[in-house]
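Single-structure report; data block below.
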Amino acid sequence: MTIYFYAKTDNRLGLQRLRRSIALMQELQDFDTYLMTTEFRSATYAKRVLGVKKAVGIEDFRNIGTICKRGDIIVYDSDEHNETIHQEMIEYFGKFFRISYDPKDEPKKGEYLISPHRVGENIINGVLVDKRYFVAHNKAKRLFFYGDSDYEKRLLEIAPQLQDFGFELLEGFYFFVDIAQKVEPYFTRVYESEEYLDIVPQAKLFVTHSAQSALEAAASGTKVVYFGEDEEYLPLLQRAGVLHMGYFDASKLQEAVVIAKSARSDFLGALSAQKVAKELTSLL
């Protein structure tokens, strides 16, 4: 049996949906899984860096039907659809599972909703964090990760304010080619995006603008500071013990670094991708 996945990715939104889809794929090793993404670069990254065996970029989510046939099973993580297309997809697939972190979202008739915020009929409650981050490491790194994407090049403004913090920088996957070279003087070391999976659990302090990455760092019990405003994630970050400092400000970051405490990986473990996978497979 094949379980298909589709995750929306692009150079403005980053890889948050990809990372949580792969978290679930990791728990479905007994099945044949096939990942589709919005573009080819992210599909290649999924295979080369994150260990996905089968992945392809399809450019437009409406091309899902060229890969899947009627009656197949899919886990869908995107907001590209409209109401009409949404209903057509539910009717096309034998089982339609949709990942949504929108607290207001409810399952449509005929689908199952995977949500970290809601419980109830046709809802699988869980937080999708890859099991490979729930590891114990010799934590020594002070790591700064803006995110997989920085389309507005905000890191160029932020980096000079970080020079005295002693941070190492983890590059984002969609970074413009010259960004790392321009900001390198403000960090003690720069890691390429391909090292993400190995480097994140090694951080004793992790500062980021990416909410999904904040949860992944929290899974290993790291001290995490988040300076984004992703409202879909904020309740989860709070429960996981991630310190939310709001908008970026160097003086606020100085205080946050001092008061941040190790995150609560137990919360993430209780609502794990393993739990989601178990409930999902029971419905097949």
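These figures come from a predicted structure and were not determined experimentally. The figures that follow rest on heavy atoms only: side chains count, while hydrogens, waters and symmetry mates do not.
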Over 60° means perpendicular and under 30° means parallel, so tell me whether F248 and F144 are parallel, tilted or perpendicular. perpendicular
Same hydrophobic cluster for L283 and M89, using side-chain heavy-atom links shorter than 4.5 Å among ILVMFWY? no
The complete set of ring pair (Phe, Tyr, Trp, His ring centres under 6.0 Å) pairs with one or both residues in residues 10-44, sequence neighbours excluded, reads Y4-Y34
More than 12 non-hydrogen atoms from neighbouring residues, nucleotides or ligands closer than 6.0 Å to NZ on K69, yes or no? no
Got a donor-acceptor contact below 3.5 angstrom from the K108 side chain to the H86 backbone? no
Using the six-membered ring wherever Trp is involved, compare the ring planes of F93 and F96 and label them parallel, tilted or perpendicular (cut-offs 30° and 60°). tilted
Closest non-hydrogen contact found for P201 with Y133 is CG-CD2, 3.9 Å
Counting only heavy atoms not in E231 (residues, nucleotides, ligands), do more than 12 fall under 6.0 Å from its CD? no
Donor-acceptor side-chain pairing of K54 and T2 below 3.5 angstrom: no
Close side-chain approach of I179 to K153, heavy-atom, < 4.5 Å: yes
If we ignore angles and hydrogens, is there a donor and acceptor under 3.5 Å between the side chains of Y233 and Q212? yes
Are M36 and I73 co-members of a hydrophobic cluster defined by side-chain heavy atoms under 4.5 Å apart? no
Is the closest side-chain donor-acceptor distance between S251 and D249 under 3.5 Å? yes
So that I can tick it off, tell me whether D10 and R12 are bridged by a salt bridge, with the cut-off set at under 4.0 angstrom between side-chain N and carboxylate O. no
Calculate, to the nearest 0.5 Å, the distance between atoms CG and CG belonging to L113 and D105 respectively. 5.5 Å
Does the cation-pi check pass for R142 over F165, that is, NZ or CZ under 6.0 Å from the six-membered ring centre and within 45° of its axis? no
If you measure only the distance, is there a donor-acceptor pair under 3.5 Å linking the side chains of K131 and S272? no
Ring of Y247, cation from K252 - is the NZ or CZ under 6.0 Å from the centre and inside 45° of the axis? yes
Specify the closest pair of heavy atoms between N125 and V276, including all atoms of both residues, with the distance to one decimal. O-CG2, 4.3 Å
E216 and Y196: side chain donor to acceptor below 3.5 Å: yes
With no hydrogens and no angle check, do the side chains of T208 and S210 hold a donor and an acceptor under 3.5 Å apart? no
Distance col, row S42:OG vs Y174:OH, nearest 0.5 angstrom, shows 4.0 Å
When clusters are formed by joining ILVMFWY residues with side-chain heavy atoms under 4.5 Å apart, either directly or through shared neighbours, do F134 and L237 land in the same one? yes
Does K8 pair with D79 as a salt bridge, N-O distance under 4.0 Å? yes
Beyond-backbone contact of I158 with Y186, side-chain heavy atoms, under 4.5 angstrom: no
Mark yes when over 12 heavy atoms from residues, nucleotides or ligands other than Q274 sit less than 6.0 Å from its CD; otherwise mark no. no
Checking salt bridge (charged side-chain N to carboxylate O under 4.0 Å, His left out) for the pair D150/R154: CA distance, chi angles, key distance, verdict? CA-CA 7 Å; D150 182 18; R154 286 199 61 217; over 6 Å; no
Gap separating the CD1 atom of I85 from the OH atom of Y92, nearest 0.5 angstrom: 14.0 Å
What do you reckon, is NZ of K204 surrounded by more than 12 foreign heavy atoms closer than 6.0 Å? no
State, to 0.1 Å, how close E27 and A277 come at their nearest heavy-atom pair, and which atoms those are. CB-CB, 3.5 Å
